[in-house]
Amino acid sequence: MQVRITSDAPASYATGALVIPVFTDKLLDGIAKEIDKALGGALKDVLESGEIAGKPNELAVVHAKDAPYRRVALIGLGERENFTPHLLARLAGTAVRTLGKRNVATLAFVLPDEAEAGLMLAASALAEGAIAATLDATTYRTEPDRPVVAHEVALFAGSFDRSALDAGIKRGIAIGEAVNFARLMALTPGNDMTPTHLAARAKELAAEAGLEFDMLDEARMAQKKMGSLLAVSLGSDEPATLSVMTYRGDPSSKEILALVGKGLTFDSGGISIKPAESMHEMKYDMCGGAGVIAAMYAIGKLKPKLNVIGLIPSSENLPGPKAMKPGDILRAMNGKTIEVINTDAEGRMILADALCYARELGATKIVDAATLTGACVIALGHAASGVMSNNDAFVTQFLKVVADIGERYWQLPLYDDWDRQIKSDIADLKNTGGRPGGAETAAAFLKNFVADVPWIHLDIAGTAYLESESSYLAKGPTGTPVRAFVALVEEMAKNGASATNGKATKAKVAAKS
Ligand code: BES
Ligand code: MN
Ligand code: ZN
């Protein structure tokens, strides 16, 4: 998909579809009015007829036979006063997906006047949404259903600030591509997407984005005494991998942000095997890892002034003669012993050693993302990812940054109460704390491996993939948390990473006993 800015006038622009946003007030702005006039009032007619009300992602198409543009697509943006830049990602996605499946190869977008206030982000969202919409989720079909043929998108510069638009498009292309890389990795089934293959993808994308790459194989993991990570792949013939992608954006600084992503290429549950019902979806259990790989790619392309390392522990959780068993006790890299209560609580076990390793590599802040618990899906559904942290300042900064990016995050508490739930009778920790507070006890487990480094845990079990398609996104993996990672890195680069430094703080609310 080509995305570019044009200074040409919309009225004389040759394209498959001119895309004009409409709000629920159904008012036609400057350029739209001009086009409406050229079409003899056809746009006004569509709006007055009630064919669309301007609600988000509604679409009406008017053919413009004798104009240089072949069609005009009116697409809803909702209420004018609620406009925010990221809505343009969905608008562009709706346009590209819907029209692109109807044989429209080129589109040109008119920005609403409201975009002026956040112009860079508006252009970024538009490019990102257009690119994300083109992803073909049926690459394993001998023939795809109705391919999205749209391959060129233009954005009218009009009287907007050209440099902000240029910066936005550049950002949107990097994020859109990254999001699609993450989604394609996730779509790749477990028989092809093994831990070794995931590491190879990380290496490829690192090279493409100019990042350093290192991979720990099982022998190196054993040297590092990563007993927890190593245990999860014991039942599988596929060896575990730990990929490390390094971006040095601020060599003079000691600050290092570590992004850590769970890369379970398939989670059967192991000996504590899952029911068959939705087990096939557990090929998506590497979405956190794919998100880290993809975000690192975007960061390499965008070059923010911040040191960032990406760590992707990856393994396959299968039952087998050598598989870990309930009751087994393992020792993680930091020496803590873990009693395995349920082999299906494997994500926290591979993350444990990756978090220790992030600290060894000098991480001064850590964010992890994982499809970690069904409990988080019960708590927040598919509407938001769960956020847990040991540091109030860091998590406050994060929540502010991600408030308006098109991915939703909702904080859950990290009370001391949960620590008791995961205390083992025989070892330091148990790997599960029972059903109550399942998302939080998982986070409480991870907390043991970050020491006092400010840390945020993102549980993306409900948001990493969706079971239904929308007008702007194919069914399946969503690319969460790539946008959040990039936005956080940009913010930390802008403000200096040390802004939220300090000791880990406990959750404000005192534990009840
Ligand atoms: N990968 C799953 C969590 C999951 C569930 C992700 C549903 C996406 C959708 C994770 O490894 C797991 O199995 N968690 C267990 C933990 C339990 C055994 C404490 C769970 O949530 O049931
Ligand atoms: Mn599991
Ligand atoms: Zn899992």
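All heavy atoms count here, side chains included; hydrogens, waters and symmetry mates do not. In each ligand, atom 1 is the first atom listed, and ligand 1 is the first ligand listed. What you see is a predicted model, and the numbers here were worked out from it, not measured in a lab.
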So, [X] side chain and [Y] main chain: donor-acceptor pair closer than 3.5 Å or not?
X      : Y      : value
Asn431 : Ile341 : yes
Thr343 : Gly269 : yes
Asp368 : Val260 : no
Asn180 : Ile131 : yes
Arg171 : Ser124 : no
Ser315 : Ala240 : no
Glu346 : Gly270 : no

Which residues and atoms, protein N, O or S only, are under 2.8 Å from the Zn ion (ligand 3)?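 Protein N, O or S atoms closer than 2.8 Å to the Zn ion (ligand 3): Lys262 NZ, Asp267 OD2, Asp285 OD2, Glu346 OE2.
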[X] contact mode with ligand 1 (heavy-atom cut-off under 4.0 Å):
X      : value
Thr432 : side chain
Asn317 : neither
Phe445 : neither
Arg348 : side chain
Glu281 : neither
Arg435 : neither

Number the atoms of ligand 1 from 1 as they appear, then name those within less than 4.0 Å of a heavy atom of [X], with their elements.
X      : answer
Lys262 : 1 (N), 10 (C), 11 (O)
Ala461 : 6 (C), 8 (C)
Lys274 : 2 (C), 12 (C), 13 (O)
Asn342 : 18 (C)
Thr371 : 1 (N), 2 (C), 3 (C), 6 (C)

Nearest protein heavy atom with distance in Å, relative to [atom]:
atom                    : value
atom 15 (C) of ligand 1 : Asp344 O, 4.0 Å
atom 2 (C) of ligand 1  : Asp267 OD2, 3.6 Å
atom 20 (C) of ligand 1 : Gly374 N, 3.8 Å
atom 7 (C) of ligand 1  : Met282 CE, 3.8 Å
atom 9 (C) of ligand 1  : Tyr465 OH, 3.4 Å

Counting heavy atoms only, which of Leu372, Ile341, Val232 is nearest atom 10 (C) of ligand 1?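 Nearest option to atom 10 (C) of ligand 1, by heavy atoms: Leu372.
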Close N or O approach (Glu346, ligand 1; < 3.5 Å):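 Yes; the residue has a nitrogen or oxygen that sits under 3.5 Å from a nitrogen or oxygen of the ligand.
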If we only count N/O pairs under 3.5 Å, is Thr373 in contact with ligand 1?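 Between Thr373 and ligand 1 (N or O atoms, distance only) the closest approach is not under 3.5 Å.
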Between CG of Asp344 and OG1 of Thr373, what distance do you get to the nearest 0.5 Å?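 It comes to 11.0 Å.
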For the CG atom of Asp237 and the OG1 atom of Thr194, what is their distance to the nearest 0.5 Å?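 Here the interatomic distance stands at 12.0 Å.
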Among Lys170, Arg483, Arg90, the one residue meeting salt bridge (Lys or Arg N to Asp or Glu O under 4.0 Å) with Glu128: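 Single pass found, and it is Arg483.
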May I ask you to check if any N/O/S atom from Asp344 comes under 2.8 Å of the Mn ion (ligand 2)?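 Here the distance criterion (N, O or S atom, under 2.8 Å) is met by Asp344, so yes.
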Using 30° and 60° as the class boundaries, would you call the ring planes of His457 and Trp455 parallel, tilted or perpendicular?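 It falls in the parallel class, under 30°.
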Between Phe83 and Leu88, is a side chain to side chain contact (heavy atoms under 4.5 Å, CB included) present by the stated rule, with each step listed? CA-CA 9 Å; Phe83 175 79; Leu88 291 172; 3.8 Å; yes
Ion pair check, Asp419 and Lys447, cut-off under 4.0 Å: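 Salt bridge flag = yes for Lys447 with Asp419.
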Angular separation of OE1 (Glu346) and OD2 (Asp267) seen from the Mn ion (ligand 2), to 10°: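 Between OE1 of Glu346 and OD2 of Asp267, the angle at the Mn ion (ligand 2) is about 100°.
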What heavy-atom pair brings Met349 and Phe445 nearest, and what distance separates the two atoms?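 So the two residues come closest at N-CE2, 4.3 Å.
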Which heavy-atom pair separates Pro481 from Leu458 by the least distance, and what is that distance?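 The pair with the smallest heavy-atom distance is CB-CD1, 4.4 Å.
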Does either side chain, that of Glu316 or that of Thr265, offer a donor lying less than 3.5 Å from an acceptor on the other one?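 Not at all, the side chains of Glu316 and Thr265 share no donor-acceptor pair under 3.5 Å.
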